[in-house]
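Bear in mind the structure is a predicted one, so any value in this text is a computation, not a measurement. Lettering of chains follows the sequences in order, A, B, ..., and the numbering in each one begins at 1.
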Amino acid sequence: MEGPLLILAGAGSGKTRVITHRIAHLIVNHRVYGPSVLAVTFTNKAAGEMKERVLSLLPEGSGPGSAALAPTVSTFHSFCVRLLRRDGDSLAEIRPGFTRNFTIYDDDDQLALVKQIFKRLGLDEKFMQYRAALSRISHAKNHQETPQDLHNLATDPKTARLAVIYEQYEAGLRQANALDFDDLLLESVRLLTHDEELRHLWNRRIQFLMIDEYQDTNRSQYQLMRLLSDTHKNVAVVGDEDQSIYGWRGADIRNILDFERDYPDATVIRLEQNYRSTKNILEAASAVVANNKERKGKWLWTDAASGTPIGIYEAIDGENEALFIADTINSILTRQPDTRVAILYRTNFQSRQIEEALRRYGRPYKVVGGFSFYQRAEVKDALAYLKLLTTRRDNVSLLRIINTPARGIGRTTLDQVEAEAARRNIALWDALELAVSEHWLGGRAEAAIAAFLRLIEELSQEAERGGVEAALKGILERTGYWRMLQQDTSPESESRQGNLEELLTAAAEAVERGETIAEFLDHAALVSDADTVDEGATIGLLTMHNAKGLEFPVVFIAGMEEGLFPHSRSRDSEAQMEEERRLCYVAMTRAERRLYLSWARYRRRFGGGQPEPTLPSRFLKEVPRHLVEKLNPEREPRLGDIDLHSERHEVRETARRNTYTGRTYNSIEHINQFFAERNAPASGKTPIASPVMTPVTPQALTPAAPPAQAVARREEAGQSDVPPLFRDLPQPPRNAPSPPPTPSAPAYPARKPPNAPLPPPPSASPRRRRGLEPGATVMHAKYGRGTLLRKEGDGEDAKLTISFKTGLKKMVAKYADLTVEE
DNA sequence: CGGTTTTTCGTTTTT
DNA sequence: CGAAAAACCG
């Protein structure tokens, strides 16, 4: 049990089981004191689960007695925060100004700081994207390069300038007594290196160290491991080089490849039996990752049956892909309502379309990540106030809320104060105080600032007495933030209020757990998207990265196209391409029984523009053909096929109805406006947008209708609860024999792009009644004469799209003061 | 100053 | 299409 241990655990080989059993074994059979075992996991959620599982393995079960024997389980970041908050005092010796009540700068805070610096240096995003600058700074930090190093190494003026930004970024953090995510690790390493006594203390405290997902640790995490296990060397690491997917974040694959060199007496254990997936899935995933050159190479095996072939669906476009996924899930869940399904994608924005499709079927789903709770503007505002109460030096938080809600401290005033703060090299807060005491601003501004300073001081005193919940309540009320939201009657404001109420609930719970304000804020900064995964949820939408460590009976992988997955940003480097491939391996091996891969022949890059032709992902071709079942109908789409476009339009409109903003510019309407302005319709009548849209280039975009038998088969299966609109979706032929192997290599011939946007043939839709119907000329008091292009709905609630001289306007019949002209 | 409207611009992945 | 910056107006 003692000594270094390397466990090379393939996907689905039950490594969590191995770790938990090992810990329990140590505690039960070797009488190791539980808390002296530190297990490091990748997410907080994984940590919580691991703790649970170990406790359940202890003899007394989950009784309160065994809780005292619980091991320490946490992420590296949480561990470091606790270390620094508890024992961080001596860090001040090497990081002047550091105190243990430091703030944590999350992604948004970092971004705000960089923007601030850019502004001060007279730069903008044309120089370099903020995020790009941040990621380069992070890279430098993680490779222990100082700004000076960067400057010396710079071969181009951009890098030289970046060194200056980097320097100021670090200065900004120090001035605010803030640590960013990198610092949490880096400064912990520095602290333990610097403070020998503390290091020895921790070496005694931790007798066994275990690290999960070791392939994704970075350099500072590696150093931390070395520092913490200095004397006893009882380190067990678990990882799989084929699942290393965080290279871009500094994960160093050498950590795992060189473990045996670092610890020559290490025991190595290989877990190569997969207990999760069917043989088909395992073989397919293994075949894909086998294309990587940089790997030790291993071949997983399983006792499981072959199972169903991998389903591949070639959609006509993104929307069709989404509908295919939703429809397939719908039939699966109709038959087996408890099946858990995951939809995985490369980039977060892909979720939107899939969500729309699922909503159309009324299937509840859960999206992981994207825009998390703690990133919402209102939540961040509230937390910024809270941070400011703890750390007055926190410039980023201060700037965030100084004029939210508006209190008369505008840009001009702030510019002056910022300039003065920079000149004297003091924190913004101090500069504000000086502005008041030295009167170098106008009277109005000074009064506003004085009132603000007083407010924060008062809130701060209250917070000290009352705890998090009281502090938050005080903030929301006394700053006028709550009132501001209440006065805003928009639906967004309602959801904001809801979010803040949720935050208050979280605060109340924190108080019950006896947490301080600082601990509450730490939690807010360190929760990850993956922590919010609800494994009980039936349908989950998440990125492949967030799916790490999870498993689902049914998995869809969407958007398997060159440029999307593998992502275009990985194109130029072989190493990055291999990481994409590992990501594909991770994604595929999440599936237990059924795996679907889909791609779209055309996809629009942004909301507006034309759909652009795509190429299938190289990973699709790397899946052995004999494991694949193509789910497309055999027949090519034809012109007379039922047009899904109009249906899709409906879907969109339904989804949009709630967020109706009063102005919509979609291309069909633009085209109609084009005609309306020229007033030159072929038919001689005013061209009218018929309620049913004519598809653009039907040959290219109309999805295939399934063969009649497929539909019939489906009806037989008792699925008449499917909305009629979707009966015509392409259906995977059930029980159909595998398609004959396609003979020629290019299974997915590249297509020509759809023709340039063409004006829809003005469908001479018959005019129904006279009056407020499309085509009518109307007068509006403010906008003058216009042409009614489109009408949605009937009666006084009808939504009208009207082309005025000034442009397109959408209005509701009963509110718009319109007169119809003959 | 502060709110609203228009323009621009662009999407990896995240502790 | 949607977010963020820029421009605009009361």
Side-chain angles (χ1 to χ4, degrees), chain A residues 40-47 74-81 104 106-107 110-111 115 119 124-126 129-132 134-135 138 142 180-185 213 216-218 220-221 245-251 318 344-353 356 368-372 375 377 403-414 442 444-445 448 488 525-531 542-548 559 563-571 576 579-580 582-583 586-587 603-609 652 655-656 659 661-667 806-807:
Chain A
V40 183
T41 57
F42 204 69
T43 64
N44 296 299
K45 181 163 160 286
S74 94
T75 65
F76 267 113
H77 287 87
S78 305
F79 175 81
C80 288
V81 170
I104 300 170
D106 69 13
D107 211 45
Q110 288 174 275
L111 206 60
K115 281 183 194 170
K119 200 172 132 199
D124 59 19
E125 269 201 298
K126 271 170 241 144
Q129 293 202 335
Y130 302 132
R131 284 202 181 277
L134 260 179
S135 95
S138 167
N142 282 313
D180 64 17
F181 283 132
D182 293 328
D183 286 336
L184 295 177
L185 306 174
E213 307 284 5
D216 281 325
T217 51
N218 64 20
S220 30
Q221 288 165 334
I245 54 175
Y246 281 97
W248 51 274
R249 209 171 74 185
L344 310 183
Y345 36 79
R346 179 67 231 269
T347 59
N348 277 303
F349 79 95
Q350 289 171 261
S351 73
R352 190 173 305 147
Q353 250 175 351
E356 265 185 28
V368 177
F371 223 67
S372 79
Q375 287 178 326
N403 206 30
T404 317
R407 49 172 74 88
I409 307 176
R411 216 191 61 223
T412 343
T413 312
L414 229 38
R444 304 180 312 282
D488 181 351
L526 294 176
V527 276
S528 67
D529 290 335
D531 295 333
L542 58 168
T543 63
M544 302 183 206
H545 283 89
N546 272 326
K548 173 157 125 163
L564 190 54
F565 184 45
H567 197 272
S568 53
R569 298 273 250 254
S570 307
R571 196 154 23 202
Q576 286 185 68
E579 180 153 314
E580 296 282 306
R582 290 193 292 270
L583 186 57
V586 169
R603 192 180 291 276
R604 28 182 124 235
R605 296 198 41 226
F606 308 114
R652 253 187 256 129
R656 183 181 294 149
T659 55
T661 57
R663 67 194 162 88
T664 305
Y665 295 96
N666 74 37
S667 53
T806 51

Rounded to whole angstroms, how far apart are [atom1] on [X] and [atom2] on [N]?
X        : N      : atom1 : atom2 : answer
A:Asp216 : B:dT15 : CG    : C1'   : 11 Å
A:Asn218 : B:dT13 : CG    : P     : 20 Å
A:Tyr130 : C:dA3  : OH    : C1'   : 14 Å
A:Ile104 : B:dT15 : CD1   : C1'   : 11 Å
A:Phe349 : B:dT14 : CZ    : P     : 13 Å
A:Leu111 : C:dA5  : CG    : C1'   : 13 Å
A:Lys45  : B:dT14 : NZ    : P     : 15 Å
A:Gln576 : B:dT13 : CD    : C1'   : 11 Å

Which nucleotide in the list [options] gets nearest to the side chain of [X]?
X        : options                : value
A:Gln129 : B:dT13, B:dT15, B:dG10 : B:dG10
A:Arg352 : B:dT15, C:dC1, C:dA5   : C:dC1
A:Thr347 : C:dC1, B:dT13, B:dT14  : B:dT13

Inset, instruction - Mind checking the CG-CG spacing from A:Asp529 to A:Leu542? Nearest 0.5 Å is all I need. - result: 10.0 Å
Legend entry - Distance (rounded to the nearest 0.5 Å) between A:Arg249 CZ and A:Asp216 CG: 7.5 Å
Inset, instruction - Could you tell me whether a side-chain N or O of A:Asn44 sits under 3.5 Å from a main-chain N or O of A:Asp531, the two making a donor and an acceptor? - result: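 No, the answer is negative, given that no donor and acceptor are paired below the 3.5 Å cut-off.
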Closer than 4.0 Å, any side-chain N/O of [X] to the OP1 or OP2 of [N]?
X        : N      : value
A:Thr543 : B:dT14 : yes
A:Ser528 : B:dT15 : yes
A:Lys115 : C:dA4  : no
A:Thr413 : B:dC1  : yes

Legend entry - Worked verdict on A:Phe181 versus A:Leu526 for side-chain contact (heavy atoms from CB on, under 4.5 Å): CA-CA 9 Å; A:Phe181 283 132; A:Leu526 294 176; 3.8 Å; yes
Would you classify [X] as touching base, sugar-phosphate or nothing, given that sugar-phosphate means primed atoms plus P, OP1 and OP2, and contacts are heavy atoms under 4.0 Å?
X        : answer
A:Asn348 : sugar-phosphate
A:Asn546 : sugar-phosphate
A:Lys548 : nothing
A:Arg605 : base
A:Asp529 : sugar-phosphate

Inset, instruction - May I have the step-by-step check of side-chain contact (heavy atoms from CB on, under 4.5 Å) for A:Thr347 and A:Thr543, ending in yes or no? - result: CA-CA 6 Å; A:Thr347 59; A:Thr543 63; over 6 Å; no
Inset, instruction - Searching all strands shown, indicate the nucleotide that pairs with B:dT15 (Watson-Crick or G-U wobble; both distances under 3.5 Å). - result: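 Paired with B:dT15, as far as the under-3.5 Å criterion goes, is no nucleotide at all.
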Inset, instruction - Could you tell me how the ring of A:Tyr246 sits relative to the ring of A:Phe42: parallel (under 30°), tilted (30 to 60°) or perpendicular (over 60°)? - result: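 Plane angle between 30° and 60°, so tilted.
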Legend entry - A:Asn142 vs A:Asp182 side-chain heavy atoms within contact, under 4.5 Å: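 They are in contact (side-chain heavy atoms under 4.5 Å apart), so the answer is yes.
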Inset, instruction - Mark this stacking check for A:Trp248 against B:dT13 as yes or no, applying ring centres under 5.5 Å and ring planes under 30°. - result: yes
Legend entry - Ionic contact status for A:Asp124 with A:Lys115, cut-off 4.0 Å: no
Can you tabulate the close N/O pairs, meaning under 3.5 Å, that link protein atoms to atoms of nucleotides 2-5 of chain B?
| residue | atom | partner | partner atom | Å |
| --- | --- | --- | --- | --- |
| B:dG2 | OP1 | A:Gly408 | N | 2.5 |
| B:dG2 | OP2 | A:Asn403 | ND2 | 3.0 |

Inset, instruction - Starting from the 5' end of DNA chain B, give me the residue, A:Leu185 or A:His567, whose nearest nucleotide shows up first. - result: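 Checking each residue's closest nucleotide, the 5'-ward one belongs to A:His567.
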